Amino acid sequence: MILNDDSEVIMLASKLRGILRRTLAFVGLNLFVSSAAIANLWEAADTPYASQASAIGSYANGCLKGAEALPLNGNGYQVIRPQRQRYYGHPELIEFIEQYSASLNRLGSDDILIADMSMPRGGNFTQGHTSHQIGLDVDIWLKLAAEPLLDGEREQPTPLKLVNQKQFKLDTQLWSNAQTQMLKLAAIDARVARIFVSPVIKQHLCDLGLDDDAWLEKVRPWWGHTYHMHVRLRCPKGDEFCREQVKIPKGSGCSELGWWRQQLTQAKVAKVEKPKVKPKQVKAKRKPKLCEAVVTAK
């Protein structure tokens, strides 16, 4: 191609720049879509990885082989929000839930409501949880059901508004011995590593002045968790790739709650505008090598 004058050179350069911009935009878009697709592979998997059960990695960075689905109804429990498909777990978690709910039922409790567990192959969620990745976590609502839930109630349940965080108070009209019993029965189970609840709930339990409060050690204050208890099991024996959390400090933990009260009740101080700096790039957690085969298997 022969260019006759400077104007043609300028026009060609302009066209080339436009093509380059569109190409880069297209590549960038596809890279973004690919990244999103990779992040969602765990959610896209709708069947467990067929294998002997194995919790791989840590509670907040791992995956799950040989998961089992919890039946949506059982003795003393009902699964809520089943459309999420988060009712899978390690066989030990399935066994715990079924035995725990049956024990509560024998004590005269209404049905407990089982919320999020794990996805069919564990792994990370795009929203809602950081943990729940290896099939050993379960959210149990602090609301009980005296009757079978209707489909609409099951898919979009309404939680109890138990906690006023700003006032650091629990609604004792809604809280009863039934909820205390739920927490204690889970905490005294040797399979349970810890139970996360709102600091306000933990404070209420501490204020009860229980004769036997050793079980409170496992009840850990954490952000959120205002209407459910998050039960976490220990790594099953023989699961060599499962990583335990650091051990809980000895004691009831009631003396730790002053910090939490301050965090939840103090007025937020207006932030001083600072010069904008380039944000640091956060490295994504690298999953255990074994998880690659788990997420990509057909």
Side-chain angles (χ1 to χ4, degrees), residues 43 45-48 53 64 66-122 125 127-129 131-132 135-163 170-189 191-192 195-198 200-201 204-205 219 224-233:
E43 293 181 329
D46 56 6
T47 57
L64 175 63
E68 293 181 4
L70 180 70
L72 300 186
N73 295 289
N75 183 13
Y77 77 84
Q78 300 178 50
V79 173
I80 54 175
R81 298 186 294 204
Q83 69 273 19
R84 295 187 178 196
Q85 292 198 353
R86 296 178 178 182
Y87 46 79
Y88 292 84
H90 191 286
E92 284 216 5
L93 181 64
I94 303 297
E95 181 182 65
F96 164 77
I97 293 170
E98 293 178 334
Q99 292 177 352
Y100 169 71
S101 62
S103 296
L104 283 170
N105 183 260
R106 286 193 295 271
L107 293 171
S109 171
D110 290 332
D111 287 357
I112 58 173
L113 302 179
I114 303 298
D116 288 355
M117 296 163 56
S118 291
M119 294 182 290
R121 301 184 190 185
F125 304 84
Q127 61 180 0
H129 298 286
S131 60
H132 290 253
L136 297 173
D137 294 278
V138 55
D139 288 342
I140 303 175
W141 278 26
L142 293 166
K143 179 181 183 178
L144 298 165
E147 301 289 340
L149 298 176
L150 300 175
D151 289 346
E153 295 172 320
R154 184 190 286 270
E155 292 179 5
Q156 294 184 315
T158 304
L160 290 177
K161 294 182 179 180
L162 292 164
V163 171
L170 186 73
D171 188 333
T172 53
Q173 296 298 310
L174 295 175
W175 187 275
S176 70
N177 186 57
Q179 282 88 4
T180 303
Q181 180 177 253
M182 287 172 65
L183 282 156
K184 181 177 180 180
L185 191 64
I188 63 177
D189 193 304
R191 294 168 289 189
V192 173
I195 303 169
F196 301 102
V197 296
S198 163
V200 178
I201 293 174
H204 175 76
L205 297 172
V219 181
H225 298 80
T226 58
Y227 56 86
H228 71 275
M229 52 191 274
H230 172 172
V231 179
R232 173 169 293 167
L233 301 191

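Here, residue 1 is the first one in the sequence, and each next residue gets the next number. These numbers were taken from a predicted model, which means no experiment stands behind them.
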Could you tell me whether the side chain of [Y] reaches within less than 4.5 Å of the side chain of [X], counting heavy atoms only?
{"X": "Tyr87", "Y": "Leu72", "result": "yes"}
{"X": "His228", "Y": "Pro159", "result": "no"}
{"X": "Ile112", "Y": "Tyr77", "result": "yes"}
{"X": "Ser131", "Y": "Arg232", "result": "yes"}
{"X": "Tyr88", "Y": "Met117", "result": "no"}

message = Please enumerate all residues that pass side-chain contact (heavy atoms from CB on, under 4.5 Å) together with Gln156, with sequence neighbours excluded.
response = none

key: Residues in ring pair (Phe, Tyr, Trp, His ring centres under 6.0 Å) contact with His204, at least two apart in sequence or another chain   = Trp175

His90: partners by ring pair (Phe, Tyr, Trp, His ring centres under 6.0 Å), with sequence neighbours left out =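 For His90 there are no ring pair (Phe, Tyr, Trp, His ring centres under 6.0 Å) partners, ignoring immediate neighbours.
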
So which atom in [X] and which in [Y] form the shortest heavy-atom distance, rounded to 0.1 Å?
{"X": "Gly66", "Y": "Pro91", "answer": "O-CD, 3.9 Å"}
{"X": "Ser109", "Y": "Leu144", "answer": "OG-CD2, 3.9 Å"}
{"X": "Phe96", "Y": "Val192", "answer": "CE1-CG2, 3.7 Å"}
{"X": "Leu93", "Y": "Asp137", "answer": "CD2-O, 3.5 Å"}
{"X": "Glu155", "Y": "Arg81", "answer": "O-CG, 3.5 Å"}
{"X": "Ile201", "Y": "Thr226", "answer": "CD1-O, 4.0 Å"}

ask   = Is the count of non-hydrogen atoms from other residues, nucleotides or ligands lying under 6.0 Å from Gln83 atom CD greater than 12?
value =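 Check passes, neighbour count above 12.
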
Looking at [atom1] of [X] and [atom2] of [Y], how far apart are the two atoms once the value is rounded to the nearest 0.5 Å?
{"X": "Ile80", "Y": "Glu153", "atom1": "CD1", "atom2": "CD", "answer": "11.5 Å"}
{"X": "Ile195", "Y": "Lys184", "atom1": "CD1", "atom2": "NZ", "answer": "12.5 Å"}
{"X": "Met182", "Y": "Tyr100", "atom1": "CE", "atom2": "OH", "answer": "4.5 Å"}
{"X": "Asn75", "Y": "Asp111", "atom1": "CG", "atom2": "CG", "answer": "8.5 Å"}
{"X": "Thr172", "Y": "Leu162", "atom1": "OG1", "atom2": "CG", "answer": "10.5 Å"}
{"X": "Ser101", "Y": "Leu185", "atom1": "OG", "atom2": "CG", "answer": "10.0 Å"}

inquiry  = As a quick check of understanding, evaluate side-chain contact (heavy atoms from CB on, under 4.5 Å) for Arg154 and Leu113, giving each step before the final call.
reply    = CA-CA 9 Å; Arg154 184 190 286 270; Leu113 302 179; over 6 Å; no

When you measure from the side chain of [X] to the backbone N and O of [Y], does any donor-acceptor pair fall under 3.5 Å?
{"X": "Gln85", "Y": "Asp46", "value": "no"}
{"X": "Lys143", "Y": "Thr158", "value": "yes"}
{"X": "Glu98", "Y": "Glu95", "value": "no"}
{"X": "Ser118", "Y": "Gly89", "value": "no"}
{"X": "Gln78", "Y": "Leu149", "value": "yes"}
{"X": "Arg86", "Y": "His132", "value": "no"}

request  = Go through the steps for Asp116 and His129 under the test side-chain hydrogen bond (donor to acceptor under 3.5 Å, both in side chains), then give the verdict.
outcome  = CA-CA 9 Å; Asp116 288 355; His129 298 286; 2.7 Å; yes

task = Indicate the ring-plane relationship of His225 and His230, choosing parallel, tilted or perpendicular according to the 30° and 60° boundaries.
result =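 Taking His230 first and then His225, their aromatic rings lie parallel (interplane angle under 30°).
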
request  = Begin from the C-alpha positions of Leu170 and Val163 and carry the test side-chain contact (heavy atoms from CB on, under 4.5 Å) through to its verdict.
outcome  = CA-CA 5 Å; Leu170 186 73; Val163 171; 3.9 Å; yes

key: Pair Asp171 + Lys161, salt bridge at N-O below 4.0 Å   =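 A salt bridge is absent here (no side-chain N lies under 4.0 Å from a carboxylate O).
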
